[in-house]
Amino acid sequence: MSRGPELIITEKDNAARRIAAILSGESAEAERMNGVNVYKWGGKRCIGLSGHVVGVDFPPEYNDWRDVEPVELIDAPIDKHPTQENIVAALRRLARKAGNVVIATDYDREGELIGKEAYELVREVNEDVNVDRVRFSSITKREVTEAFENRDDLDFDLAAAGEARQVIDLVWGAALTRFLSLSARQLGNDFISVGRVQGPTLKLIVDREREIDAFDPEDYWELFADLEKDDESFEARFFYLDEDDNEAERVWDEASAMEAFETLQTKSTATVTSVNRRTRTDTPPAPFNTTQFIRAAGSIGYSAQRAMSIAEDLYTAGYITYPRTDNTHYPEDLDPRELLDSFTGTRDFGDDAESLLEQEDIEPTAGEKETTDHPPIHPTGELPSASDLSEDEYEVYELVVRRFFATVAEAAKWEHLRVVADVAGLSLKANGKRLVKEGYHAVYPYFSSSESFVPDVEEGEELAVTDTSIEAKQTQPPRRYGQSRLIETMEQMGIGTKATRHDVIQKLYDRGYIESDPPKPTRLARAVVTAGEDFADLIVSEEMTAQLEEDMLAIADGTANYEDVTNESREMLEQVFEGLMEHSDELGSQLKKSLKADKTLGPCPDCGEDLLIRKSRHGSYFVGCDGYPDCTYTLPLPSTGKPLILDEECEEHELHEVKMLAGRKTFTHGCPQCKADEADEQEDEVIGACPDCGEEHGGELAIKQLRSGSRLVGCTRYPDCDYSLPLPRRGEIEVTDEECEEHGLPHLVVTSGDDDDEPWELGCPICNYREYQARQAGGSELESIQGIGEKTAEKLKEAGIEDVPGLKDSDPDDIAAKVSGVGADTVRKWQASAD
DNA sequence: GCAAGGTC
């Protein structure tokens, strides 16, 4: 009897393609089955999943949030169902005929679970087929071949550990999210979420904000002196020994600071009392894991989300390795010389690669963590040409290349020179540093290598004191977490994963818990964290993950089982709910109060109630009174962007200022009342005849200031004639004597009020608007959306999407089908951020 | 419509 083909199942298409190429000796051919790639050669088939293709959820009868008490979710049944129908269908078709199955998903816990999900789908249609498991940590010929020669079995205990995590996350997350949302009557889009990872992440941000709020600044003074030797001047700083004999520079008492300063001022020389020289080795950085990559990209201006999205594109295009990894050890069979060699002769990297190849020994650095999932992020050696990548993509690609260079470069050496001098019993110190061996800095310019100069001096030498100064300072509150610091801290706390941490931060933005960058928590966030601390401490604590990790280890090594762990977790949640239900009302009113505080601008001038930011039926924002319908006072807001209430308050109206968040077009609107008043006071300035209705009805064009803060050239017969041309929001608009020959309108000039800025010769407003529209039609408007670079905009244009309205009106699936490498979800994200 | 984890 002839056996069917062998079926190899990987976690993603990319891995399937590469494994098929290796095992087939490049002879595998791709076929489409249900829209899914199947690689085929000899008696083999290889298919890539898309991570989890089945999901866990409650049965449909639990869907209605109002019908089901949240507490009921704790013991509700949980189903598994296919979430990627086409892939599951293709897998079933292939499995039916398979003579042997090999699970080749990623070599980590989640990979084992994804493998088990595939195994179960296979078993549904093929009861008897043999199923093997292979494990490898990088898709190289040697590792893959070896893995297929040493086949193993699926580790069902490890997969069960992952299943326990799924269930516990779902039950806690769903039950608590529904409870909080219901208690504050926040259903629909604005529900109030909590979860094992977002909870502690949010608490981290809120705790820091609490520290900032509680911070009480202290005054202190610092003293400096300029010392000089042979016309070479350098700065030295006053210090003293505190009660613990530690060096201190801050003087906490004004009188002693002034006394020391006066002493310094009276003296013209300082005596060198000690000179210390030492050399320090500055070792090159470790290979990139996801967190360190995000951090480095952050330091050159990319948000975590943007950095990962670009890395994903570079990976899909084949230029860099898989961007989601914890590993900081290069695989053994990565040959640094071979990889360096692929860069020789290139314009941007050739010289550096060649100089690195001249080293006798090349020993790459390694970080602390070594894992089995994927290699650290490094260039593949396949080189993009400049036109293949957008500017941003190239910048990130260069970062990855240079990081690889740095990890195979030599250490740098610094010479430190520390000089201590005495002035009338007062100590001054200066620290100089010189880069004596450039080492990896030569190929990796992202770390500072700036030097500070201190001349060669000797003990006992007299130096001239040429200047002295005193600075009054205050201690500063701790800084807010930036996105990459947040991700690093999450990693240290052990919450989230390399693939999800940046998404979690995005989720906190989406839920209205944080705003701005670095993220600042809203009142709602504080209320949610406080509610968690009071009634469900685990959900805002990193302990929950630590405990879960411990339980998962136990399940994986067979000392605990899935049933016991999930049951125990459910019992704990029951306890939590007892406290919650008892305090449901006060909890709800606290949350409602904070939700309102997040929207409050200040007192209504008509009735004294609160003015709130509201959303109209058409989806635009405006300022309305909480006393509505008794009070109908309103103020308009600009039509672009999402309003953010700033801490700054207008003194005249006691209203908070408003900023409009709109990506690169973000701007500060200020006090909406002031803006409206300005518009009311501003007379319209007539500049010519209206081209639409001038002849027929005598309409005229005028420069108008609207109450929403925007300005335009519009017809005086508005609303009977709605002809209008846009004007910039900022700057003084001057009407010149020069006239446009074509339209008969005067040229306009915009001055910023800042003398350093060149005035903007806007010219004839009609010509200006035409040019603006032409630029838009060039497709560049699309690039204003996050995630769309030059290259993507080009692809969209080819698919017939010319501008933002065109993008918004299109069907995401339709675009995804036409544009390679773009999924429907991505399109939806673009559409959302275009609003 | 809830979570967190894969991946696009």
Side-chain angles (χ1 to χ4, degrees), chain A residues 10-16 35-37 48-58 60 62-66 68 70 72-74 76 78 83-84 86-87 105-106 108-118 159 161-182 186-201 308-309 311-313 315-317 322-324 373-374 490 495-501 503-504 507 510-511 539 544-545 548 552 569 573 787 812-813 815-817 819-829:
Chain A
T10 72
E11 189 155 323
K12 41 192 169 276
D13 174 60
N14 213 309
V36 182
N37 287 333
L49 308 176
S50 182
H52 291 287
V53 292
V54 295
V56 291
D57 210 346
F58 302 109
Y62 289 85
N63 278 354
D64 193 319
W65 291 31
R66 272 163 296 222
V68 181
E72 289 178 52
L73 293 178
I74 300 176
I78 292 175
T83 49
Q84 308 261 16
N86 52 340
I87 298 178
T105 47
D106 291 355
D108 56 19
R109 187 174 55 222
E110 216 64 32
E112 207 68 20
L113 175 52
I114 291 166
K116 190 207 161 191
E117 287 160 2
E163 286 179 306
R165 178 201 60 71
Q166 285 185 318
V167 166
I168 290 170
D169 280 341
L170 174 64
V171 171
W172 280 74
L176 289 172
T177 293
R178 286 199 195 178
F179 184 88
L180 291 184
S181 303
L182 282 162
Q186 286 289 114
L187 300 179
N189 284 329
D190 301 320
F191 60 87
I192 298 172
S193 68
V194 281
R196 175 177 57 83
V197 176
Q198 52 175 287
T201 307
M308 284 311 287
S309 150
E312 180 73 37
D313 290 343
Y315 156 70
T316 314
Y322 193 65
R324 294 181 272 272
D373 54 357
H374 296 91
M490 290 169 76
I495 57 174
T497 72
K498 66 226 170 186
T500 59
R501 290 186 194 110
D503 284 336
V504 170
K507 191 173 273 180
D510 295 344
R511 297 278 194 270
I539 208 68
M544 181 160 177
T545 298
L548 182 60
M552 284 196 289
S569 182
L573 186 54
D813 294 300
I815 300 181
V819 183
S820 67
V822 171
D825 280 343
T826 310
V827 178
R828 273 180 215 110
K829 265 185 222 161

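All chains are named by letter (A, B, ...) in the order of the sequence lines, taking the proteins before the strands, and each is independently numbered beginning at 1.
Of the possible donor and acceptor atoms, none in the side chain of A:Thr10 sits under 3.5 Å from a partner among the backbone N and O of A:Thr105.
Taking every side-chain heavy atom of A:Arg165 into account, B:dA4 is the closest of B:dT7, B:dA4, B:dC2. Closest to the A:Tyr322 side chain, of the nucleotides B:dC2, B:dG6, B:dA4, is B:dG6. When distances are taken from the side chain of A:Glu312 to each of B:dC8, B:dG5, B:dA3, the shortest belongs to B:dC8. Distance from the side chain of A:Ser50 is smallest for B:dC8 among the nucleotides B:dG5, B:dA3, B:dC8. Side-chain proximity of A:Lys12 to the nucleotides B:dG5, B:dC8, B:dA3 is greatest for B:dC8.
For A:Arg324, the salt bridge (charged side-chain N to carboxylate O under 4.0 Å, His left out) test picks out A:Glu312, with sequence neighbours left out.
Where A:Gly496 and A:Phe191 meet DNA chain B, the nucleotide closest to each residue was compared, and A:Phe191 sits on the side nearer the 5' end. Ranked by how close their nearest DNA chain B nucleotide is to the 5' end, A:His374 and A:Leu73 are led by A:Leu73.
Within the structure, a side-chain polar atom (N or O) of A:Ser193 is placed less than 4.0 Å from OP1 or OP2 of B:dA3. A close approach under 4.0 Å does not occur between any side-chain nitrogen or oxygen of A:Thr500 and OP1 or OP2 of B:dA4. The shortest distance between the side-chain N/O atoms of A:Arg501 and the OP1/OP2 oxygens of B:dA4 is not below 4.0 Å. Distances shown here put a side-chain N or O of A:Thr497 below 4.0 Å from the OP1 or OP2 atom of B:dG6.
One donor-acceptor pair, N or O on each side, does fall under 3.5 Å between the base of B:dC2 and the side chain of A:Asp57.
Within the structure, the side-chain hydrogen bond (donor to acceptor under 3.5 Å, both in side chains) test picks out the following pairs touching residues 109-118 of chain A (sequence neighbours left out): A:His52-A:Glu110, A:His52-A:Glu117, A:Arg109-A:Glu549, A:Glu110-A:Arg165, A:Glu112-A:Arg133, A:Glu112-A:Arg135, A:Lys116-A:Glu120, A:Lys116-A:Glu163.
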